[in-house]
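Report on the following structure.
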Amino acid sequence: MKNQDLLGLSSDNILNAEFEKKYHDVIAHFFSRDPKYWPIFQDKTIQSITQFRKTTTNDNDQLQRYSNGPQLFERLMADTQIQQNINYPENDPNELLMLVSTLCKNWENPLAVENVIAMPSDPGVYGSILGLMGNPNMVYCEYSGVADALEKVTIKKVAKLVGYDPEVASGVFTQGGTMCNLYGYLFGLRKSMPNSKHLGMAADQDYRIINSQGGHYSNMTNLALLGVDVDNKTIRIKVSEDNTINLEHLERELRACFTVKCKVPTIMLTTGTTDTFGVDDVKGVCELRDRLCEEFEIPVKPHVHVDAAVGWPIIFFLEYDFSGNPLAINDVTLEGLRQNVEKFKHLKYADSITIDFHKWGYVPYTSSLVLVKNGNDFVALENDPENFTYFEHELEGQTHLQSTIECTRSGVGIFGAYSAMHYMGIEGYQTIIAHCLQNANYMRHQLLEMGNAKVIVPQNQGPSVGFKLYDPNLVKDPNVAFDIELTCATDKEAYDFMVHNTQWHRKLFLQRGREGLFTNWVDSIACSKYAKNNRYIYLPGEKAVFMNPNTERAHIDNFMKILTEMSQNMSSKKAAKI
């Protein structure tokens, strides 16, 4: 979708009454903390916490708003020693514990759109509490009981949505997306370089790990954790204008590796980058890998892992009736979803996938699944049986005990994910996701109408809205200004221009503080054009991520009013130059 397709299309950005009715029904049943539907919220302590958090007040002001907040916080900071005597619950409601729970970062606040984080749903909380009560250790079926079966069926549900064969696929719930991506690297390393398990990374012939410059930072920190020589054994692939992996550059690098018989254990992709929702071409990469492996007679193909931690819920729309549009999603968002669905249909080509339920899946932290297309890949991760002498050997093959990184795996994320999917179903997820995307498109439309804002890759059509603001009296056309900034890696004047514009926007961002929406400043909202030796410069900017189910258009309208007024008040007296 081109920029101009989002301009002047107010009629396509409307809120259909039929959709709004379904949205408010989902909010009432699954995001309201209503004890009528979820009796766990009847507890008076929990009710007091949830009621306090129903606010649009800035997080920084909550301590003053809380009764005796500063005094209680002072007591908390002095509470550094365990008391000698027993404190019975009927005599001690523990005001300090209540204070901290109430004043945690409030993702229920409709103004909270800082990052790819959202409030957990009521069924997600409910399921997680049941998981806490059961207290299974998922690392071994004897320690988890029937919770082991719950993990298996939950994985099958997700595998079916992705397009994997649920009888062949497998996976594990683990402690976050970073750990899932670590598994992705390990699958490739252990399959391509089996000796590395015992002899380390230097034991095999030369190798290179490949990932995209646009990927999450864990794509690099994990390599350091694994002992990879990051500077010399990692190839970072350039990104295209939409922040997706550049296939031409990838092919050149793969060919270079295979020509000199350098192994490529893993290719790390992303479907839904954190800041701009870039979706890598998974099918294109897998076909490129297969073609080159056949050409160069590579016996073990690179393992393609996809970090879909942010974007994975698009799979709830893979079977959506776009022609009938039963949810009455507005036209702009429907078309954006249609485009994304075509991309996410290709997840099934990946060898493994990172899925974070605790992001856009509305489940409490942590609920992360590394989903594996072929469960036999776990065999490559197996450690020596003699290291597991106090486990029942007859159960070998029924558990991933010998293949997992952890010695302890919580079941809370599994219970939360199963419960959220069970109660909200595909339609409930579709409704909330579509609501978020409609908000994101509305924000893009309003920014473009401002006249001094550049929306970053609006065609990506995810929940993340990246933008740059310009002094309206200095910059007449933000698109022209942005195009100049893109040359800053090769042009000193363009670099100085970019720095000046960034400082102006940054000053406005800081002066605004937490008025309106709670957005984030990002040092890498866009990437310059590449200079010699693939040198580039990141362009800073601002972003809002619309994963919050409570955010509505009135909140966006108020934010835009503040932005417009501040831009005008801060604008320079110079005549327009660009």
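These values consider heavy atoms only, across backbone and side chains, with no hydrogens, waters or symmetry-generated copies.
- Taking the six-membered ring for Trp and thresholds of 30 and 60 degrees, Phe19 and Tyr23 have nearly parallel ring planes, at less than 30 degrees apart.
- Taking a cutoff of 4.0 Å between a charged side-chain nitrogen and a carboxylate oxygen, Glu287 and Arg291 do not qualify as a salt bridge.
- Taking the ring centre of Tyr207 as origin, the terminal cationic atom of Lys233 falls inside the region bounded by 6.0 Å and 45° from the ring axis.
- By the salt bridge (charged side-chain N to carboxylate O under 4.0 Å, His left out) test, Lys343 pairs with no residue at all, sequence neighbours left out.
- Using modelled atom types, one finds a donor on one side chain and an acceptor on the other under 3.5 Å when comparing Asn211 with Arg236.
- Looking at every heavy atom in both residues, Lys263 comes nearest to Ser192 through NZ-O, 2.9 Å.
- Qualifying side-chain contact (heavy atoms from CB on, under 4.5 Å) partners for Ala380, counting only residues two or more places apart in sequence or in other chains: Arg190, Lys191.
- For the pair Glu114 and Val545, the minimum side-chain heavy-atom distance is 4.5 Å or more.
- Under the 4.5 Å side-chain criterion, counting only non-hydrogen atoms from C-beta, Ser212 is not in contact with Met268.
- The residues Glu151 and Arg409 are annotated as salt-bridged, a charged nitrogen and a carboxylate oxygen being separated by less than 4.0 angstrom.
- For Lys238, there are no salt bridge (charged side-chain N to carboxylate O under 4.0 Å, His left out) partners, not counting sequence neighbours.
- Interatomic distance, CD1 of Ile525 versus NZ of Lys543, reported as 6.5 Å (0.5 Å rounding).
- Looking only at atom types and distance, the side chain of Asn330 has no donor-acceptor partner in the side chain of Tyr442 under 3.5 Å away.
- The closest side-chain heavy-atom distance from Ser419 to Ser121 is not below 4.5 Å.
- Every residue meeting the ring pair (Phe, Tyr, Trp, His ring centres under 6.0 Å) condition with Tyr429, not counting sequence neighbours, appears here in chain and number order: Phe316.
- Ring-centre distance between Tyr140 and Tyr143: below the 6.0 Å cut-off.
- Atom-to-atom distance recorded for Phe546:CZ and Asn441:CG is 10.5 Å, nearest 0.5 angstrom.
- Around the CD atom of Glu319, the shell of radius 6.0 Å holds no more than 12 heavy atoms that belong to other residues, nucleotides or ligands.
- Every residue two or more places apart in sequence or in another chain that forms a side-chain contact (heavy atoms from CB on, under 4.5 Å) with Tyr536 is listed here: Gln213, Cys527, Ser528, Tyr530, Tyr538.
- A salt bridge does not link Lys156 to Asp165: none of the charged side-chain nitrogens sits closer than 4.0 Å to a carboxylate oxygen.
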Quiz item: Given the rule in the salt bridge (Lys or Arg N to Asp or Glu O under 4.0 Å) test, do Glu382 and Lys197 qualify, once you have shown the distances and angles that lead to the verdict?
Solution: CA-CA 9 Å; Glu382 286 184 356; Lys197 185 177 355 182; over 6 Å; no
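- With sequence neighbours excluded, no residue forms a salt bridge (charged side-chain N to carboxylate O under 4.0 Å, His left out) with Lys373.
- Residue Lys160 qualifies as open at atom NZ: its count of foreign heavy atoms under 6.0 Å is 12 or below.
- Counting only residues at least two apart or in different chains, ring-ring contact (aromatic ring centres under 6.0 Å, His included) contacts with residues 270-302 comprise Phe258-Phe296.
- The closest side-chain donor-acceptor pair between Asp307 and Thr270, if any, does not fall under 3.5 angstrom.
- Of all heavy-atom pairs between Ser218 and Thr178, the closest is CB-OG1, 3.5 Å.
- You'll find the side chain of Ile40 reaches within 4.5 Å of the side chain of Val125, heavy atoms only.
- Between Met179 and Asn222, every side-chain heavy-atom pair lies at or beyond the 4.5 Å cut-off.
- Just one residue in the list Phe344, Phe357, Trp360 forms a ring pair (Phe, Tyr, Trp, His ring centres under 6.0 Å) with Trp312, and that residue is Phe357.
- Under the 3.5 Å distance criterion, with hydrogens and angles disregarded, no donor-acceptor pair is assigned to the side chains of Thr333 and Gln438.
- Shown here are the ring pair (Phe, Tyr, Trp, His ring centres under 6.0 Å) partners of Tyr349, two or more places apart in sequence or in another chain: His346.
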Practice problem: Would you check, one step at a time, whether the test side chain to side chain donor-acceptor pair (under 3.5 Å) holds for Asn181 with Thr354? | Solution: CA-CA 6 Å; Asn181 290 343; Thr354 292; 2.7 Å; yes
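- Classification of the Tyr423-Trp38 ring pair by plane angle, with boundaries at 30° and 60°, yields perpendicular.
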Exercise. Might you work through the side chain to side chain contact (heavy atoms under 4.5 Å, CB included) test for Glu108 and Asn548, ending with a clear yes or no?
Key: CA-CA 7 Å; Glu108 298 153 51; Asn548 191 332; over 6 Å; no
Quiz item: After noting the C-alpha distance and the side-chain angles of Thr519 and Glu542, does the key distance pass the side chain to side chain donor-acceptor pair (under 3.5 Å) rule?
Solution: CA-CA 7 Å; Thr519 59; Glu542 192 171 347; 2.6 Å; yes
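- Relative orientation of the Phe31 and Tyr362 rings is perpendicular, given thresholds of 30° and 60° on the angle between their planes.
- Interatomic distance, CG of Asp275 versus CG of Asn460, reported as 11.5 Å (0.5 Å rounding).
- Take Glu248 and apply the salt bridge (charged side-chain N to carboxylate O under 4.0 Å, His left out) test, not counting sequence neighbours, and it matches no residue.
- For Phe518, the ring pair (Phe, Tyr, Trp, His ring centres under 6.0 Å) test picks out no residue, with sequence neighbours left out.
- Listed by first and then second residue, the salt bridge (Lys or Arg N to Asp or Glu O under 4.0 Å) pairs that reach into residues 207-232 are Asp206-Arg208, sequence neighbours excluded.
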Self-check item: CA sep, side-chain torsions, deciding dist, call: Gln459, Asp242, side chain to side chain donor-acceptor pair (under 3.5 Å)
Solution: CA-CA 8 Å; Gln459 68 269 27; Asp242 60 357; 5.5 Å; no
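- To the nearest 0.5 Å, the span separating CG on Asn383 from OG on Ser403 amounts to 7.5 Å.
- The line from OG of Ser368 to CD1 of Ile414 is 11.5 Å long, rounded to the nearest 0.5 Å.
- The side-chain heavy atoms of Ile27 and Asp25, taken from C-beta on, include no pair separated by under 4.5 Å.
- Between atom NZ of residue Lys348 and atom CD1 of residue Ile353 there is a gap of 11.5 Å, rounded to the nearest 0.5 Å.
- Side-chain atoms of Leu150 and Thr154, non-hydrogen and from C-beta on, do get closer than 4.5 Å to each other.
- With sequence neighbours left out, the ring pair (Phe, Tyr, Trp, His ring centres under 6.0 Å) criterion links Tyr164 to no other residue.
- Side chains of Ser352 and His303: a donor on one and an acceptor on the other come within 3.5 Å.
- Between the side chains of His305 and Thr266, not a single donor N or O lies within less than 3.5 Å of an accepting N or O.
- Side chains of Thr174 and Glu406: a donor-acceptor N/O pair is present below 3.5 angstrom, by distance only.
- Taking 4.5 Å as the limit, some side-chain heavy atom of Thr404 sits within range of a side-chain heavy atom of Val139.
- Of the N and O atoms on the side chains of Asp280 and Thr244, not one donor lies less than 3.5 Å from an acceptor on the other residue.
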